[in-house]
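Below is one structure, written out as structure tokens; comments come after it.
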Amino acid sequence: MILGVCVCVTLLLYTVTGSHSRSSIVGGEDAARGSWPWMVYLFITDGRNSLPCGGSLINSQWVLTAAHCITQRHLVSPDADRSYVRVGELKLGRPTGVLCYIRRFLLHPEYRLMDPVYNDIALVQLQTAVPFSDTVAPVALPSPRDFFSADAECWVTGWGYVTENRKLSGDQTLQQLKLPLVDDATCRRIYPYSNHNMLCAGYLQGGKDSCSGDSGGPLVCKSFGQFVQVGVVSFGYGCARRDYSGVYTRVYSYTTFIEDAIRTHGSS
């Protein structure tokens, strides 16, 4: 066992009866080292097929991600022994992050791979606690006091595609994108089968969005001077298309799931 090793994920695009899981950032820019210390790269495999995704470190031994990163139609039985997480990573092409091995996957019990994806949230427990540093630190989760208006400062990060058909190239530097929240009424109009456990964010004029390979990654917004994770990259219609935002799992709706899972499994 290697102690203190963790990894970050790039997501692949796939179709869910018209909607797509997200991958990388369209219209973003290179992030600086340490800007998003909770960002992780997640590599999930069943031994034959694999899916790279994003995730967020929420404490020293737990990563928050999307359930569809763990299991979907072509990834039926993920193998924790062959999968891994990387923390503190910036450039996938020139990795310097810490590799972490996985103890278990915990999907939300009501996760459904439908159109859209429901309860798209999961936890990954690491085998050992990862040490914090300038480039590795947990993200804050939302509390009842947090309120995010349409003009809140929000960012999404990932290593996914930079257009619907083009992968992140070169050193594959982590991409960051500032984007606005979309009000719930507009979100429901764009995606009629979405619900209150989902939120939308993005530019309806198109051009900027999360995309294939960003799935599971964090959408963070500033609240009282600190970034709080409000969403998990889930799905959308294409990437950065006009009149369509990205859809994110609303983290606040699942705080009980997260707290109960960590309480039950702890560091065992």
Side-chain angles (χ1 to χ4, degrees), residues 6-11 21-26 28-29 31-44 52-60 62-70 85-90 92 97 100 108 117 120-124 126 130 132 135-143 146 148 152-160 174-181 197-202 208-223 226-236 245-255 257-258 262:
C6 287
V7 183
C8 294
V9 177
T10 305
L11 306 183
S21 62
R22 310 326 293 278
S23 213
S24 188
I25 305 296
V26 178
E29 61 187 5
R33 184 170 300 280
S35 297
W36 314 105
W38 46 80
M39 185 70 200
V40 309
Y41 174 82
L42 182 64
F43 181 81
I44 303 298
C53 276
S56 55
L57 194 67
I58 59 172
N59 67 29
S60 63
W62 289 89
V63 169
L64 186 65
T65 190
H68 80 257
C69 288
I70 309 302
V85 170
R86 211 174 196 92
V87 303
E89 199 58 272
L90 179 65
L92 295 182
C100 300
H108 190 277
V117 184
D120 190 16
I121 195 166
L123 290 164
V124 176
L126 307 178
V130 59
F132 296 152
T135 58
V136 179
V139 66
L141 297 182
S143 69
D146 294 313
F148 304 99
E153 181 185 347
C154 300
W155 295 79
V156 64
T157 46
W159 288 274
L174 178 66
Q175 297 295 290
Q176 63 183 30
L177 173 66
K178 187 177 182 181
L179 76 180
L181 298 177
N197 294 326
M198 306 170 189
L199 62 88
C200 290
K208 297 180 179 182
D209 195 5
S210 56
C211 191
S212 299
D214 295 322
S215 292
L219 171 68
V220 298
C221 298
K222 264 194 176 176
S223 177
Q226 74 167 346
F227 281 111
V228 173
Q229 184 172 351
V230 300
V232 174
V233 180
S234 183
F235 69 92
S245 65
V247 183
Y248 299 76
T249 304
R250 191 187 300 270
V251 175
Y252 185 70
S253 297
Y254 298 95
T255 51
F257 162 69
I258 296 169
I262 295 175

query = Heavy-atom distance under 4.5 Å between the side chains of W159 and L174, does that happen here?
reply = yes
query = Which residues pass the side chain to side chain contact (heavy atoms under 4.5 Å, CB included) test with A137, sequence neighbours left out?
reply = P37
remark   = d(I70 CD1, T65 OG1) to nearest 0.5 Å is 5.5 Å
ask   = Rounded to the nearest 0.5 Å, how far apart are CD of E29 and NZ of K208?
value = 8.5 Å
key: Any side-chain heavy-atom pair of P138 and F132 under 4.5 Å   = yes
key: Within-4.5 Å side-chain heavy-atom neighbours: Y248 and Q229   = no
request  = Grab the two heavy atoms, one from D209 and one from L177, that are nearest each other, plus how far apart they are.
outcome  = N-CD2, 3.3 Å
Close side-chain approach of Y254 to L64, heavy-atom, < 4.5 Å = no
inquiry  = Nearest 0.5 angstrom please: W38 CH2 to N59 CG, how far?
reply    = 15.0 Å
ask   = Among L199, T157, V233, T249, which one satisfies side chain to side chain contact (heavy atoms under 4.5 Å, CB included) with L219?
value = L199
inquiry  = Return the CG to CG distance between D120 and N197, rounded to the nearest 0.5 Å.
reply    = 11.5 Å
query = Distance from L179 atom CG to S210 atom OG, nearest 0.5 Å?
reply = 7.5 Å
remark   = Note: S245 and C200 closest approach over all heavy atoms is OG-CB, 3.2 Å
inquiry  = Measuring only between side-chain heavy atoms, which start at C-beta, is T135 closer than 4.5 Å to R33?
reply    = yes
message = The test is side chain to side chain contact (heavy atoms under 4.5 Å, CB included); show your working for F257 and L123 and say whether it passes.
response = CA-CA 9 Å; F257 162 69; L123 290 164; 4.1 Å; yes
query = Below 4.5 Å, heavy atoms only, C-beta onward: do P218 and V139 meet side chain to side chain?
reply = no
note = Heavy-atom nearest pair, L90 first then A31, reads CD1-O, 3.5 Å
inquiry  = To check you understand the geometry: which heavy-atom pair defines the closest contact between K178 and W155, and what is its length?
reply    = N-CE3, 3.3 Å
query = Minimum heavy-atom separation for C221 to V230, with atom names?
reply = SG-CG2, 3.6 Å
query = About how many Å separate OG of S223 and CD of E153, when rounded to the nearest 0.5 Å?
reply = 12.0 Å
Shortest non-hydrogen contact from A67 toward A122 = CA-CB, 3.7 Å
